[in-house]
Amino acid sequence: MDEFAFIDSIKQRSYKQSSLLKGIGDDAAVFRQTSEDIVTAVDTFVEGVHFSRDTMQPFHIGYRALAANISDLAAMGATPAFFLTSIVKPESWHVQEVEEVFIGMKELANSYGMDLIGGDTVSGKELTISITVIGYVPGGRARYRSVAQKDDIVFVTGTLGDSRAGLHLLTENNLYEHTEFFIQRHRTPTPRVEFAKSLINISRIALNDISDGIANEAAEIAEASNVGMLLYDESIPTSSFFTQFSMKQQHEWKYFGGEDFELMGTVSRQDWPSVKQAAEKTNTNLSEIGIVTEKNKNSNVFIMKDNIKQGLNKCGYTHFR
Ligand code: ADP
Ligand code: MG
């Protein structure tokens, strides 16, 4: 199969978004948007660095790569609309396997009514997938990290550390329980789009998605907002079967594991009931996990654990270090 047959195989036969004038098939895509703010992000996934065929089927690789991108849109409060995919294909990958990657992406894209509107396909050494997503948010309602204020409530959706636990289960042969749950959280995570959209009536709310671990995302909000943060260790939500892992694993995975694609944020006490309502309406687990403080001297984020206050460093996976 040549490049053209491949592109034809991933091309949609019809568009879902009414604003789309031209998708795949010309030099560039065209859509028309007049009223809302446009939100866009790109993420790149390299085999051996961001995923491995030992723990993921091609379907999961596509699904999770797009989920990570959609999660960025959710963290901005945006509604996903389009995506573009750039693929570097090595000889060792069959075209059929790359098509499976696209089937994984499309499964998730369909659930949001997103259209694949373009991309690029080239040969190279490592399978590399770069995805650009585009979404909409009502004017002035994009959610920035920089708006946290002292005395805000810090919250997080879902449970943390599950994805990292899932990866552990896929690479270790030990006997564990409820492996399917953790593996599913690792391979096919659900971005919190509906929850973030339901916060529309709140005028000020900081949001960040958990891609690198809450330690890192909390520090990002604190830095951008020029504030500090205190998190209560016992309030960090974990799933019921998380206790089967060692204390050290639990601690590391919930703070630094990442890739849960949950949302964390800060909001005023006054608007906290509206956040709870949004969670109820969208069937989202929501936990209050801390408070925004004045900027600290040594560490931006502290945790209160066993009645001892200690600095939490970022320690997530950071490239170029
Ligand atoms: P051009 O030479 O004009 O850049 P290409 O041959 O690279 O055109 O691509 C033809 C069409 O197929 C374009 O609409 C492009 O966006 C789309 N396309 C190519 N590769 C991909 C891909 N991996 N995913 C989605 N669309 C793609
Ligand atoms: Mg091209």
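Count residues from 1 along the sequence.
- Taking the six-membered ring where tryptophan is involved, the planes of H168 and W253 are tilted, since the angle between them lies from 30° to 60°.
- Side-chain heavy atoms closer than 4.5 Å link hydrophobic residues (I, L, V, M, F, W, Y) into clusters, and following such links, possibly through other members, connects M56 to V98.
- For the residue pair G158 and P237, the shortest heavy atom distance occurs at O-CG, 3.2 Å.
- Residues R192 and D260 are not paired through a salt bridge, judged by the lack of any N-O separation under 4.0 Å between the basic side chain and the carboxylate.
- Ring centers of F245 and Y176: under 6.0 Å apart, within the cut-off.
- Without hydrogens or angle criteria, E217 side chain to D212 main chain gives a donor-acceptor distance under 3.5 Å.
- If you look at F6 and F102, their ring centroids are closer than 6.0 Å.
- Considering K16, K106, R13 as possible partners of D115, the one that fulfils the salt bridge (charged side-chain N to carboxylate O under 4.0 Å, His left out) test is K16.
- One finds a salt bridge joining R204 and D152 here, because a Lys/Arg side-chain nitrogen approaches an Asp/Glu carboxylate oxygen to under 4.0 Å.
- Between R185 and E259, no side-chain nitrogen of the basic residue sits less than 4.0 Å from a carboxylate oxygen of the acidic one, so the salt-bridge criterion is not met.
- Across all their heavy atoms, D43 and A68 have their closest contact at OD2-O, 4.3 Å.
- Neither side chain, N208 nor Y144, offers a donor N or O lying under 3.5 Å from an acceptor on the other.
- With respect to the salt-bridge test (charged N to carboxylate O, under 4.0 angstrom), the residues R53 and E97 qualify.
- Contact check on E280 versus K276 returns no salt bridge, with no Lys/Arg side-chain nitrogen under 4.0 Å from an Asp/Glu carboxylate oxygen.
- Partners of H60 under the ring-ring contact (aromatic ring centres under 6.0 Å, His included) rule, at least two apart in sequence or in another chain, do not exist in this structure.
- The heavy-atom pair separating I70 from P191 by the smallest distance is CG2-CG, 3.7 Å.
- The aromatic rings of F182 and F242 sit tilted relative to each other, their planes meeting at an angle between 30° and 60°.
- No donor-acceptor contact under 3.5 angstrom links the side chains of D271 and S274, judged on distance only.
- Follow the hydrophobic side-chain contacts under 4.5 Å out from V101 and you reach M114 in the same cluster.
- Linking Ile, Leu, Val, Met, Phe, Trp and Tyr residues whenever their side-chain heavy atoms come within less than 4.5 Å leaves L207 and L73 in two separate clusters.
- In this structure F82 satisfies the ring-ring contact (aromatic ring centres under 6.0 Å, His included) test together with F31, sequence neighbours excluded.
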